[in-house]
A.B. asks: 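To start, I am sharing the structure in question, which I have written as structure tokens.
Nothing fancy with the numbering, it's 1 onward along the sequence.
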Amino acid sequence: MSISKMAEVIMWARQEGYSSAEMIALTERLEGRNADLFSKLMEGMVINAFGIQRHFSDEYKEQEIEEFKSQYYIKCYQSASKHYP
């Protein structure tokens with residue numbers, strides 16, 4: 001799963017009313033290669049997602065999800081650009 005897709009799913013869950021405890025618990029269940037790294041990354045995303053207001057209109061939910069996903073896409077792109085010019 002890509003980082004931007006992960007961000008999209010996390011913000012979707014936030015906007016749908018999942019609790020922070022539920023979402024953090026899911027990050028702790030990751031298995032496989034680099035599970036610890038992805039778990040920490042997802043925990044950070046969850047914490048960031050809960051710093052953003054939850055909306056109740058579908059239009060605003062979608063806008064918030066897209067914005068959150070785009071922010072993580074740009075962060076990854078900028079990071080990769082520094083390491084692989």
Side-chain angles (χ1 to χ4, degrees):
M1 178 183 295
S2 71
I3 300 298
S4 62
K5 185 64 175 177
M6 209 181 299
E8 178 181 13
V9 169
I10 287 170
M11 184 51 77
W12 173 86
R14 163 70 178 126
Q15 293 299 320
E16 290 300 311
Y18 284 76
S19 73
S20 57
E22 289 173 304
M23 293 168 66
I24 294 290
L26 288 175
T27 71
E28 294 169 351
R29 296 174 53 198
L30 293 177
E31 296 179 359
R33 195 173 72 151
N34 297 321
D36 288 341
L37 175 67
F38 282 107
S39 178
K40 291 295 179 196
L41 174 63
M42 288 177 70
E43 285 175 18
M45 286 181 174
V46 169
I47 291 166
N48 288 339
F50 276 84
I52 295 171
Q53 178 181 348
R54 182 172 174 223
H55 299 285
F56 295 93
S57 118
D58 288 342
E59 178 183 354
Y60 287 123
K61 285 180 182 181
E62 287 300 318
Q63 286 176 358
E64 206 64 74
I65 292 166
E66 188 60 36
E67 178 68 24
F68 195 73
K69 178 177 92 171
S70 294
Q71 286 176 2
Y72 276 93
Y73 177 84
I74 293 298
K75 287 177 186 179
C76 287
Y77 182 82
Q78 288 171 333
S79 180
S81 295
K82 288 179 187 174
H83 297 295
Y84 305 101

A.B. asks: Can you give me the closest heavy-atom contact between M45 and F68, atom names plus distance?
C.D. replies: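 The answer is O-CZ, 3.5 Å.
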A.B. asks: So, does S39 use its side chain to make a donor-acceptor pair with the main chain of A35 at under 3.5 Å?
C.D. replies: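 No, S39 side chain to A35 backbone: no donor-acceptor pair under 3.5 Å.
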A.B. asks: Check whether Q15 reaches the backbone of H55 with its side chain - one donor and one acceptor, N or O, closer than 3.5 Å.
C.D. replies: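 A pair under 3.5 Å: yes.
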A.B. asks: Before giving the answer on side-chain contact (heavy atoms from CB on, under 4.5 Å), spell out for R14 and I52 the whole-Å C-alpha distance, their side-chain angles and the decisive distance to 0.1 Å.
C.D. replies: CA-CA 9 Å; R14 163 70 178 126; I52 295 171; 5.6 Å; no
A.B. asks: Just how far is it from atom CD1 of I47 to atom CD1 of I24, taken to the nearest 0.5 Å?
C.D. replies: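 That separation rounds to 5.0 Å.
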A.B. asks: Going by side chain to side chain contact (heavy atoms under 4.5 Å, CB included), name the residues that satisfy it together with E16, two or more places apart in sequence or in a different chain.
C.D. replies: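 Expected list: W12, Y18, K61.
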A.B. asks: With salt bridge (charged side-chain N to carboxylate O under 4.0 Å, His left out) as the rule and sequence neighbours excluded, what pairs involving residues 22-39 come up?
C.D. replies: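 Non-adjacent pairs meeting salt bridge (charged side-chain N to carboxylate O under 4.0 Å, His left out): zero.
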A.B. asks: Using residues 1-9 as the side-chain source, report each donor-acceptor pair under 3.5 Å to any protein atom, sequence neighbours left out, with the distance given to one decimal.
C.D. replies:
| residue | atom | partner | partner atom | Å |
| --- | --- | --- | --- | --- |
| S2 | OG | S4 | OG | 3.4 |
| S2 | OG | K5 | N | 3.1 |
| K5 | NZ | E8 | OE1 | 3.3 |

A.B. asks: N48 vs Q71, test: side-chain contact (heavy atoms from CB on, under 4.5 Å). Steps then yes/no.
C.D. replies: CA-CA 11 Å; N48 288 339; Q71 286 176 2; over 6 Å; no
A.B. asks: What distance do E59 atom CD and E64 atom CD have between them, rounded to the nearest 0.5 Å?
C.D. replies: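 Those atoms lie 12.0 Å apart.
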A.B. asks: For the atom pair CD1 (I10) and CE (M42), what is the distance rounded to the nearest 0.5 Å?
C.D. replies: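 So the CD1 of I10 and the CE of M42 are separated by 4.5 Å.
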A.B. asks: With side chains defined as the heavy atoms from C-beta onward, is the minimum distance between Q63 and E67 less than 4.5 Å?
C.D. replies: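 Side chain of Q63 against side chain of E67, heavy atoms only: no contact under 4.5 Å found.
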A.B. asks: Distance check, rounded to the nearest 0.5 Å: K40 atom NZ versus E43 atom CD?
C.D. replies: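 Reported to 0.5 Å precision, the distance equals 4.5 Å.
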A.B. asks: State plainly whether one hydrophobic cluster holds both F38 and M11, where clusters connect Ile, Leu, Val, Met, Phe, Trp and Tyr through side-chain heavy atoms under 4.5 angstrom apart.
C.D. replies: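 Linked, F38 and M11 end up in one cluster.
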